[in-house]
Amino acid sequence: QVQVVESGGGSVQAGGSLRLSCRASGYTASTYCMAWFRQPPGKEREGVAAIDSDGSTTYADSMKGRFTISKDNAKNTLYLQMNDLKPEDTAMYYCATDFRCPLVGLGTIHTADFDYWGQGTQVTVSS
């Protein structure tokens with residue numbers, strides 16, 4: 001059974017950093033596409049970053065340069081390093097995975113690509 005569990009969220013001041021982790025189980029993470037999404041209060045879920053099974057990465061434009069997605073295949077764990085955090089980064093952050101993510105291959109991080117989701121970890125950035 002495919003499962004992903006996020007951790008690492010918390011409260012930070014603007015300009016600070018956090019690293020989110022997503023531990024995968026029930027499958028080999030190296031063979032799957034994985035991604036981070038976020039959902040700010042009262043808004044729709046949006047793609048943040050994705051990493052395909054070949055290691056290629058895709059970022060939402062607003063996250064480029066501040067966020068870095070990476071994966072440790074030996075630990076079956078996905079990471080999101082977030083630097084220079086801003087109050088508008090406040091959201092619930094979700095890890096998602098699936099065997100294939102064709103939209104990511106086209107440069108779009110979309111919920112339609114992913115069937116497996118974690119419960120989320122809250123990130124709050126204060127000004």
Side-chain angles (χ1 to χ4, degrees):
Q1 182 179 0
V2 175
Q3 287 188 326
V4 289
V5 179
E6 305 95 335
S7 62
S11 297
V12 296
Q13 291 191 328
S17 299
L18 280 174
R19 188 176 80 156
L20 306 183
S21 299
C22 171
R23 181 75 164 89
S25 61
Y27 72 103
T28 303
S30 62
T31 62
Y32 274 58
C33 181
M34 301 185 76
W36 289 100
F37 288 78
R38 70 183 187 184
Q39 189 163 13
K43 297 185 178 181
E44 292 187 354
R45 196 168 298 189
E46 62 179 353
V48 173
I51 185 165
D52 211 333
S53 56
D54 64 359
S56 59
T57 58
T58 303
Y59 292 91
D61 287 343
S62 60
M63 278 57 129
K64 287 180 181 177
R66 296 192 300 125
F67 292 6
T68 303
I69 190 170
S70 62
K71 189 168 59 168
D72 186 332
N73 290 329
K75 296 182 178 179
N76 245 24
T77 301
L78 177 74
Y79 300 100
L80 184 69
Q81 178 67 44
M82 304 185 294
N83 298 326
D84 190 24
L85 284 162
K86 307 176 185 301
E88 51 265 40
D89 294 318
T90 294
M92 185 71 79
Y93 283 71
Y94 296 92
C95 174
T97 188
D98 213 317
F99 184 62
R100 296 181 62 196
C101 48
L103 293 176
V104 170
L106 296 174
T108 299
I109 308 166
H110 195 283
T111 56
D113 260 354
F114 300 94
D115 282 339
Y116 304 100
W117 293 83
Q119 295 298 308
T121 185
Q122 178 68 38
V123 172
T124 303
V125 185
S126 58
S127 57

When you compare the side chain of [Y] with that of [X], does any pair of heavy atoms fall below 4.5 Å?
X	Y	value
F67	L85	yes
D113	C33	no
F99	S53	no

Give a yes or no on whether the backbone of [Y] and the side-chain of [X] come within a donor-acceptor separation of less than 3.5 Å.
X	Y	result
D98	A112	no
T77	R23	no
D52	D54	no
Y59	I69	yes

For S7 and T121, run side chain to side chain contact (heavy atoms under 4.5 Å, CB included): C-alpha distance rounded to whole Å, both residues' side-chain angles, the deciding distance at 0.1 Å, then the answer. CA-CA 6 Å; S7 62; T121 185; 5.7 Å; no
Just wondering, more than 12 heavy atoms not from K75 lying within 6.0 Å of its NZ?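 Count not over threshold, so no.
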What's the verdict on side chain to side chain contact (heavy atoms under 4.5 Å, CB included) for Y32 and L78, showing C-alpha distance, side-chain angles and the deciding distance? CA-CA 11 Å; Y32 274 58; L78 177 74; over 6 Å; no
Joint hydrophobic cluster, [X] plus [Y], side-chain heavy atoms closer than 4.5 Å:
X	Y	result
L20	Y116	yes
V4	L18	yes
M34	V2	yes
M92	M63	no
V48	V123	yes

Could you check Y93 against E6 for side chain to side chain contact (heavy atoms under 4.5 Å, CB included), going step by step and ending with a plain yes or no? CA-CA 8 Å; Y93 283 71; E6 305 95 335; over 6 Å; no
What do the steps show when you test D89 against R66 for side chain to side chain contact (heavy atoms under 4.5 Å, CB included), and what is the final call? CA-CA 11 Å; D89 294 318; R66 296 192 300 125; 2.7 Å; yes
Heavy atoms only: give me the nearest [X]-[Y] pair and the separation to one decimal.
X	Y	answer
Q122	A91	NE2-O, 3.3 Å
G47	A60	O-CB, 3.4 Å
R45	Y94	NH2-CZ, 3.4 Å
S127	P87	CB-CG, 3.9 Å

[atom1]/[X] to [atom2]/[Y] distance, rounded to the nearest 0.5 angstrom?
X	Y	atom1	atom2	answer
R19	N83	CZ	CG	11.5 Å
Q39	T111	CD	OG1	10.0 Å
Y27	Q3	OH	CD	10.5 Å
M82	T68	CE	OG1	11.0 Å

F37 ring center within less than 6.0 Å of W117 ring center: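 Ring-ring flag for W117/F37: true, centres closer than 6.0 Å.
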Salt-bridge test for K64 and D61: reply yes if a basic N is under 4.0 Å from a carboxylate O, no otherwise.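 Yes, charged N to carboxylate O under 4.0 Å.
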Identify which one of I109, L80, I51 satisfies the side-chain contact (heavy atoms from CB on, under 4.5 Å) criterion when paired with W36.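 Among I109, L80, I51, the one meeting side-chain contact (heavy atoms from CB on, under 4.5 Å) with W36 is L80.
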